[in-house]
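Here the structure comes first, spelled out in structure tokens, and everything after it is commentary.
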Amino acid sequence: MDEVSRLHYLQEELKRYNREYHELDAPTIPDAEYDALYRELVALEIRHPDQVRADSPTRRVGSLDLRRNVRLVQHREPMLSLNNGFDVRDLQEFDRRVRTGLGVDEVDYCCEPKFDGLAINLLYRGGALVQGATRGDGEEGEEVTANLMTVKSIPRRRQGSEPWPEWLEVRGEVLMLKKDFEQLNRRQTGAGERTFVNPRNAAAGALRQLDPAETARRPLAFLAYGVGGCSPDFELPDHQDALLRWLGMLGFPVAEEVRVVQGESGLRMFFEDLGARRASLPYEVDGVVYKVNARKAQQKLGFVTRAPRFALAHKFPAEEALSTVEAIEVQVGRTGTLTPVALLKPVFVGGVTVTRATLHNDEEIRRKDIRVGDQVWVRRAGDVIPEVVKVVQELRPAETVAFEMPATCPVCGSPARRLPEEISWRCSGGLHCPAQRKQALLHFVGRRAMNVEGLGEKLVDALVERSWVTEPADLYHLTLEQWASLPRMARKSAENLVQSLEHSKETTLARFLFALGIRQVGERTAHDLALHFVRLEDVMEADETHLQAVAEIGPVVAQSIREFFSVERNRQVIAHLRAQGVHWRENAQERRDVQVLAGLTFVLTGTLAHYSREEARERIEKAGGKVVGSLTRSTHYLVVGRDPGSKVAQAQKLGISMLDEDQWDKLFKGINA
Ligand code: IVH
């Protein structure tokens, strides 16, 4: 394409983007890309001035659709735009031009947040709001007085004793506070209505409502940043910061963040500071605005085409950008959680290049209807992990398919499962799954678990990559030579590591149970289990009812423990560790005192082969259990001998666990009873 064709092409494209942005509230390109195209067009128009028509996007501020049924009003003073700066060079250049223009060495600047909302003009006569309008093309805007009347922070008439000019144009930004935006989107989701990409689009939508009552339902705010014009006999404050304070005294909300600084270094400091606080501000900002503080100096500098020479908008990196979902990958986390992740066409957003964004879970994907091939808005604010906010449905290619969670773990092929009370799917492979293995190993060697010193993430990665370690016991097989051959591993460190591993073999049952990484079993639960059961075998054999006899262990935890030990592979992992010499002392004192049936209630029925009723009762009571005569919902077990009575049917009805004599006998294993 030659330069002139490119120029025409850009004129048309930018016009379309303007329309999407200003009228449809549905931009399809990121601001930064728009700005880049805009600058390219400006450069081309400078080289080809004969190609510049009056309707070129560079000659007009925003755009207007005259087909829309709205009343247009003329601003008394045009609403201009700001030149943009993106880096330190732009900022230095701005300061240099201002200093040259004014013939001074240093300039005082008023620094303000650049609010990411919609520019509006409020016209007051005799202290009463008579007209509110959007910026429109800068000369004429859409009349939205009735809608603006519903915005609480816009004064409808003067209050207090401060004198007002006969007529006054107050300029500022209508926006939606972040918290109100989130609430609105939650409400929209709840009502099955469309959500908004960001507060700016939500505010634009609210302002455009034909019915002011509808605007009133959407919480809008206003922040003033200047004056368009006022009665000529009225003397406005002579500095920008004083002007803002004055607007504050008239009752207009102004940003608390406004500061006056000296010179370019002051500008830079303000930019850094506000950038660092960006995420915690109550409203969205897309940059900062620097204005020469003295209004006399502003007038001296004047304007070029559509923007003042005395001001600069210094933009922050955009927090939202458009990208394409190239694939949806399923990741396996430490406890086997399967998390779908969008692989994106690389996109610069929030100051970094993003290629992946979490999709959380399949319900979230369904709710947002995200598909491979979709154009999506990606958001990265502050240090928060990137997110897919919304699909641009209009740009969906033909023949896309809805995402479905795989039925098996993408890493190890074990079935994926979802517990009824959870929203995430999980790999059921446990320690057998390589993805979980790495995390499980790190957990196993952790300070509060087996406490192996000097074995961090990098080393575990290296071990798993080399397939030297597939289960914890393998750590104890490795030779000094193997350890020493790993990257960045000095011989001395290898020796220390081997010694630390050797030490770790002598541990406690509580640490060992915790080290196994059983879901739901934290340090505390591991400790309780060790105290209650004393022997590992007894923990491994305990059924859910018995496990729940341990204080603090409820059905969910009990089920998880039960499941863990019922997987043959997990039992092998334990056997291998013990074969490597991992051991703990069984505390004899603890063991004598232990009340292995503490908290459990039993009912006996029928005749036992090896115990009389009385002996059976004594045996249970010695172990801390209780024997009662009749079944209630709080009975834990019915022990069933030969020729049982009607209690069996009763227990079935109440859902009470039943034990035959052998099973009952096993409850006592490891007890001196
Ligand atoms: S002053 C002649 N101050 O930025 C200069 N504008 O490109 C008039 N904006 O849509 C603008 N925060 O609504 C100014 N603190 C601020 C601003 C601000 C946001 C918007 C303005 C306009 C755009 C200018």
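Computed from a prediction, not measured in an experiment: that's the story for all the values here. First listed ligand is number 1; within each ligand, the first listed atom is number 1.
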M79 to ligand 1, any heavy atom closer than 4.0 Å: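 No, M79 has no heavy atoms under 4.0 Å from ligand 1.
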
What I want to find out is whether [X] reaches [Y] closely enough, with some N-O distance under 4.0 Å, to be called a salt bridge.
{"X": "R379", "Y": "E284", "result": "yes"}
{"X": "E214", "Y": "R217", "result": "yes"}
{"X": "D238", "Y": "R295", "result": "no"}

Report the nearest protein non-hydrogen atom to [atom]: residue, atom name, distance rounded to 0.1 Å.
{"atom": "atom 8 (C) of ligand 1", "value": "L80 O, 4.2 Å"}
{"atom": "atom 7 (O) of ligand 1", "value": "L82 N, 3.1 Å"}
{"atom": "atom 18 (C) of ligand 1", "value": "Y225 CE2, 3.5 Å"}
{"atom": "atom 13 (O) of ligand 1", "value": "E173 OE1, 2.3 Å"}

Taking only heavy atoms of [X] into account, list the atoms of ligand 1 that are under 4.0 Å away from them.
{"X": "S81", "answer": "7 (O)"}
{"X": "A119", "answer": "10 (O), 13 (O)"}
{"X": "R135", "answer": "10 (O), 22 (C)"}
{"X": "K114", "answer": "4 (O), 12 (N), 19 (C), 20 (C), 23 (C)"}
{"X": "P308", "answer": "2 (C)"}

Would you please say whether a donor-acceptor pair under 3.5 Å links the side chains of [X] and [Y]?
{"X": "H75", "Y": "E169", "result": "no"}
{"X": "N84", "Y": "Y38", "result": "no"}
{"X": "Q240", "Y": "E112", "result": "yes"}

With a 4.0 Å heavy-atom cut-off (strictly under), which part of [X] contacts ligand 1: side chain, backbone, both or neither?
{"X": "K291", "result": "side chain"}
{"X": "E112", "result": "side chain"}
{"X": "P113", "result": "backbone"}
{"X": "V289", "result": "side chain"}

[X], any N or O under 3.5 Å of ligand 1 N or O:
{"X": "L118", "result": "no"}
{"X": "F115", "result": "yes"}
{"X": "G172", "result": "no"}

Under 6.0 Å between ring centres: does that hold for [X] and [Y]?
{"X": "F196", "Y": "F181", "value": "no"}
{"X": "F310", "Y": "Y290", "value": "no"}
{"X": "Y124", "Y": "W164", "value": "yes"}

Parallel, tilted or perpendicular: ring planes of Y109 versus F94, cut at 30 and 60 degrees: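 The arrangement is tilted - the two ring planes meet at 30° to 60°.
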
Audit row: Y225, F252, ring-ring contact (aromatic ring centres under 6.0 Å, His included) steps and yes/no: CA-CA 10 Å; Y225 56 65; F252 293 93; over 10 Å; no

